[in-house]
Amino acid sequence: MKLIMLGAPGAGKGTQAQILSDRYGIPTISTGAIIRGAIKNETPTGKMAKAYIDKGELVPDEVVIGIIKERLSESDCQSGFILDGFPRTIPQAEALDSLGIEIDKVLDIEVDDDLIITRLSGRRECSKCGATYHVANNPSKAGDKCERCASPLVTRADDNPETIKSRLDIYHSQTEPLIEYYKNKGNLAVAQGEGSLEATTDAIIKVLEG
Ligand code: AMP
């Protein structure tokens with residue numbers, strides 16, 4: 001299964017990708033998580049990407065395309081993967097096509113902007129493994145620690161009201177056109193993401209498995 005998760009920031013891509021990754025035994029590749037890791041480790045890519053991520057802007061295409069090419073060549077991706085947060089622009093989608101990898105399904109999780117804003121302000125992330133939670137909709141069973149690795153949960157630096165607005169604007173102008181792009185290719189599947197976490201998972205499984 002080679003899957004792309006589409007949808008606005010906060011639509012639930014990361015959370016649902018985590019669930020699908022466990023279900024299908026394939027890795028989730030999150031360009032956002034890779035970039036945040038690079039920033040934390042102060043690598044040259046991380047230092048360069050920090051200014052963009054802090055403002056809620058997209059990191060340049062050539063940088064993320066380089067990251068994804070390297071990651072997809074690793075052995076754990078050979079039997080499938082879930083892309084969370086890539087592609088985010090048409091040139092990124094074209095770069096993925098040019099790698100000659102056949103994508104089985106592109107899953108668009110639909111959530112209205114007003115709900116996105118509420119969701120992102122309650123989102124928490126594990127400071128170590130990147131697992132995501134929400135204070136009301138998906139709290140960690142371990143309180144303010146991660147259920148998976150017991151590390152502290154933090155609020156992402158880019159989940160603040162101003163940056164959220166800019167990320168949503170960029171989503172509509174640069175990422176949303178990908179819905180039409182993949183509809184034309186014939187592998188788009190749409191799932192409603194406004195209900196509970198479980199209802200969204202059910203909707204996703206239905207469109208993926210019929
Ligand atoms: P995410 O964790 O997917 O919400 O991504 C967080 C931030 O990382 C985004 O706001 C961008 O600054 C950057 N980023 C992640 N994926 C991409 C991508 N495919 N293209 C450009 N920037 C990205």
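Each ligand, and each atom within it, is numbered from 1 in the order the structure gives. Atoms considered below: every heavy atom in the structure, side chains included; atoms not considered: hydrogens, waters and symmetry mates.
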Quiz prompt | Residue, atom name and distance, where the atom is the protein heavy atom closest to atom 22 (N) of ligand 1 | solution = V59 N, 3.0 Å
Quiz prompt | Element-labelled atoms of ligand 1 that are located less than 4.0 Å from some non-hydrogen atom of G85 | solution = 16 (N), 17 (C), 18 (C), 19 (N)
Quiz item: Does the side chain of R167 reach to within under 4.5 Å of the side chain of E162, using non-hydrogen atoms?
Solution: no
Quiz item: Would you say ligand 1 has an N or O under 3.5 Å from any N or O of F86?
Solution: no
Quiz prompt | Protein heavy-atom partner closest to atom 5 (O) of ligand 1 - residue, atom, separation in Å | solution = R88 NH2, 3.5 Å
Quiz item: Just checking, is any N or O donor in the side chain of T200 or Q16 under 3.5 Å from an acceptor N or O on the other one?
Solution: no
Self-check item: Electrostatic pair D61:R88 at N-O distance under 4.0 angstrom
Solution: no
Practice problem: With heavy atoms only and a cut-off of under 4.0 Å, state how Q174 meets ligand 1: side chain, backbone, both or neither. | Solution: neither
Quiz item: Tell me, do S127 and L153 make a side-chain contact under 4.5 Å, heavy atoms counted?
Solution: no
Quiz item: Is it true that D54 and R156 have a side-chain N and a carboxylate O under 4.0 angstrom from each other?
Solution: no
Self-check item: L72 with I67, same ILVMFWY side-chain cluster at under 4.5 Å
Solution: yes
Quiz item: For atom CD of E209, is the number of surrounding heavy atoms from other residues, nucleotides or ligands below 6.0 Å larger than 12?
Solution: yes
Quiz prompt | SB check K165 D169 (cutoff 4.0 Å) | solution = yes
Quiz prompt | ligand 1 to E57 polar contact by distance, N or O atoms, under 3.5 Å | solution = yes
Self-check item: Any donor-acceptor N/O pair, T28 side chain to I82 backbone, under 3.5 Å
Solution: no
Quiz item: Is there at least one pair of N or O atoms, one from D158 and one from ligand 1, spaced under 3.5 Å apart?
Solution: no
Exercise. Check each atom of ligand 1 against the heavy atoms of R167 and keep those under 4.0 Å away; list them by number with element.
Key: 4 (O)
Quiz item: Is there any N or O on G56 that sits under 3.5 Å from an N or O of ligand 1?
Solution: no
Quiz item: Is any N or O atom of Q92, backbone or side chain, closer than 3.5 Å to an N or O atom of ligand 1?
Solution: yes
Quiz item: Looking only at distance, does Y52 have an N or O less than 3.5 Å from an N or O of ligand 1?
Solution: no
Quiz item: Which protein non-hydrogen atom lies closest to atom 4 (O) of ligand 1, naming both residue and atom, and how far is it?
Solution: R156 NH2, 3.0 Å
Practice problem: Tell me which one of L83, T31, I170 gets a heavy atom nearest to atom 16 (N) of ligand 1. | Solution: T31
Quiz item: In this structure, are over 12 heavy atoms from other groups packed under 6.0 Å from E42 atom CD?
Solution: no
Practice problem: Please write down residue, atom name and distance for the protein heavy atom closest to atom 7 (C) of ligand 1. | Solution: I53 CG1, 3.3 Å
Self-check item: Close-contact set for ligand 1 against I35 heavy atoms, below 4.0 Å
Solution: 13 (C), 14 (N), 15 (C)
Practice problem: Using a 4.0 Å heavy-atom cut-off, say whether L58 meets ligand 1 through its side chain, its backbone, both or neither. | Solution: both
Self-check item: Nearest protein heavy atom with distance in Å, relative to atom 2 (O) of ligand 1
Solution: R36 NH1, 2.9 Å
Quiz prompt | Any side-chain heavy-atom pair of F81 and K2 under 4.5 Å | solution = yes
